[in-house]
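Reading through the structure tokens given below for one structure.
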2 protein chains.
Amino acid sequence: MTTENRFMQIGEVSERTGVTQRTLRFYEEKGLLNPPARMEGGFRLYSEDDVQRVELIRQLQKLLGFSLAEIKDMVEAEEIKTQLRAESRDNKANEARQRRLRKAIEVTEKQVEIIDNKIEQLSQMRVHWCTKLARYHEVLRQIEESLSSASPLPPN
Amino acid sequence: MTTENRFMQIGEVSERTGVTQRTLRFYEEKGLLNPPARMEGGFRLYSEDDVQRVELIRQLQKLLGFSLAEIKDMVEAEEIKTQLRAESRDNKANEARQRRLRKAIEVTEKQVEIIDNKIEQLSQMRVHWCTKLARYHEVLRQIEESLSSASPLPPN
DNA sequence: TATAACCTTGACGTAAGCGGCAGGTTAGAC
DNA sequence: GTCTAACCTGCCGCTTACGTCAAGGTTATA
């Protein structure tokens, strides 16, 4: 039950993620996606991980409004996940793994903090708009009253 | 206790909002800010409402990630608040006010819906990252164990 | 082996969102 | 009146995040 080891060409990734091929190449160029494997002829071969990465990038962009430059730093923390899988299990490498893990934890905690912050601000904004909504409703009610009382046909 | 009826020049608004003068003129040009009053010589005179509008724009831009074009539509609903204040209280205009109010309510409700949506997505994202964080911690714990058991000095 | 469908790099284009001048005008204090 | 800081309207430039050809190479299928 390891992750499916299929490889996809750029067209399939594009369809699955809804991101254009141009944009996929652009992300690669900017270091947001690590250069995928290639076929003999040079065609890119993407993994399942790459697809997830693309989806992460889009989320960070649209939900959190980060620039691609910022996202680049953030996804570099993601790298570690892949590294962990690929790494050998000998004690020799363990201290290095530890360091990277701590780094990843630090970065991820910051991400969560940013998200919390955003949620908080959005909640405040929500309150603000709801208050305004209530005022509108109140004013509307008053107008309706005044109209009905001034009407030639009093209510009931 | 009506809202303070002071007028400010562009420099003061810029300082208070942290938005450059260039950007204020740009927003006006794009229809995000309605053209402010002017002095005889042509200097712009902004009201307290304008400042609030600017702050709203920036919130919508940064928190919700809307484009200026989208924000333009949204702030037009805000307009109504100002209109309500300025309008006469006679029955003649009340039906028009009613229509505008209903429109404002409709738009504002949509805003709240969008915000709710965003909060929901962010919450999901938060869970996702926290899960990953837990995994990192777990792996880290395992490594620490294996290192200490292999160490020449067993713990305690 | 031909041909369609897919891919490659490279270069130029574009919309949004401003920054930063230049060259001239105005407000307000002295 | 005059001086200076603050303001005005262009206008060109920049960055980000891609879109859009163009000209050609690759792969799968008949």
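Protein chains get the first letters and strands the later ones, always in sequence-line order, with residue 1 at the start of each.
- For B/Gln59 and B/Glu55, the side-chain atoms include no donor-acceptor pair closer than 3.5 Å.
- Listed by chain and number, the hydrophobic cluster partners of A/Val127 come to none, as no ILVMFWY side chain reaches under 4.5 Å of it.
- Atom-to-atom, CG of A/Leu45 to C1' of C/dT8 comes out at 13 Å; the value is rounded to the nearest Å.
- For B/Tyr27 and B/Arg58, the side-chain atoms include at least one donor-acceptor pair closer than 3.5 Å.
- For the side chain to side chain contact (heavy atoms under 4.5 Å, CB included) test, residues two or more places apart in sequence or in another chain that qualify with A/Lys110 are A/Glu106.
- Regarding B/Ile57, its CD1 atom lies at a distance of 15 Å from the C1' atom of C/dA16, rounded to whole Å.
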Open item on the list: Does the protein touch nucleotides 25-30 of chain D at the base, only the backbone, or not at all? Give it as B, S and - per nucleotide, heavy atoms under 4.0 Å.
Closed with: BBS---
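- Among the nucleotides C/dC18, D/dC8, C/dT9, the one closest to the side chain of B/Arg58 is C/dC18.
- Considering only residues two or more places apart in sequence or on other chains, B/Thr17 meets the side-chain hydrogen bond (donor to acceptor under 3.5 Å, both in side chains) condition with none of them.
- Taking every heavy atom of residues 19-28 of chain A and every atom of DNA chain D, pairs under 4.0 Å involve A/Thr20, A/Arg22, A/Thr23, A/Phe26, A/Tyr27, by number.
- Side chain of A/Ser14 to backbone of A/Ile10: no donor-acceptor contact under 3.5 angstrom is found.
- For A/Ile115, the side chain to side chain contact (heavy atoms under 4.5 Å, CB included) criterion is met by A/Leu64, A/Ile119, B/Leu122, B/Met125, B/Arg126, B/Trp129, not counting sequence neighbours.
- The other members of the hydrophobic cluster of B/Phe7, by chain and number, are B/Met39, B/Phe43, B/Leu45 (side-chain heavy atoms under 4.5 Å, ILVMFWY only).
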- [ ] Could you give me the CA-CA distance, side-chain angles and deciding distance for A/Arg25 and A/Glu29, then say whether salt bridge (Lys or Arg N to Asp or Glu O under 4.0 Å) is met?
- [x] CA-CA 6 Å; A/Arg25 296 192 192 101; A/Glu29 192 185 318; over 6 Å; no
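- Nearest-nucleotide assignment on DNA chain C puts the 5′-proximal partner with A/Arg38, out of B/Lys30 and A/Arg38.
- Every pair passing salt bridge (Lys or Arg N to Asp or Glu O under 4.0 Å) that includes a residue from residues 12-21 of chain A is listed here, sequence neighbours excluded: A/Arg6-A/Glu12, A/Arg16-A/Glu48.
- The side chain of B/Arg44 places no N or O atom within less than 4.0 Å of a non-bridging phosphate oxygen (OP1 or OP2) of D/dC7.
- Direction of the helix axis in the helix from C/dT1-D/dA30 to C/dC30-D/dG1 shifts by 10° between the two five-pair termini, rounded to 10°.
- Atom CE in B/Met8 sits roughly 18 Å away from atom C1' in C/dA27 (whole-Å rounding).
- Between A/Glu29 atom CD and C/dA11 atom C1' the separation is 12 Å, expressed in whole Å.
- Computed from coordinates, the A/Leu32 CG to D/dC18 C1' distance equals 12 Å when rounded to whole Å.
- With rounding to whole Å, A/Ile10 atom CD1 is found 11 Å from C/dC6 atom C1'.
- With B/Thr23 contributing its side chain and B/Phe26 its backbone, the two residues share no donor-acceptor pair below 3.5 Å.
- With a 4.5 Å cut-off on side-chain heavy atoms, B/Glu76 and B/Lys72 count as touching.
- In this structure B/Glu113 satisfies the salt bridge (charged side-chain N to carboxylate O under 4.0 Å, His left out) test with no other residue, sequence neighbours excluded.
- Here C/dG28 presents its P atom at 14 Å from CZ of B/Phe7, a figure rounded to the nearest Å.
- In terms of the salt bridge (charged side-chain N to carboxylate O under 4.0 Å, His left out) criterion, residue partners of B/Arg102 (sequence neighbours excluded) are, by chain and number, A/Glu144.
- A heavy-atom distance below 4.0 Å to DNA chain D is reached by none of the residues of residues 65-76 of chain B.
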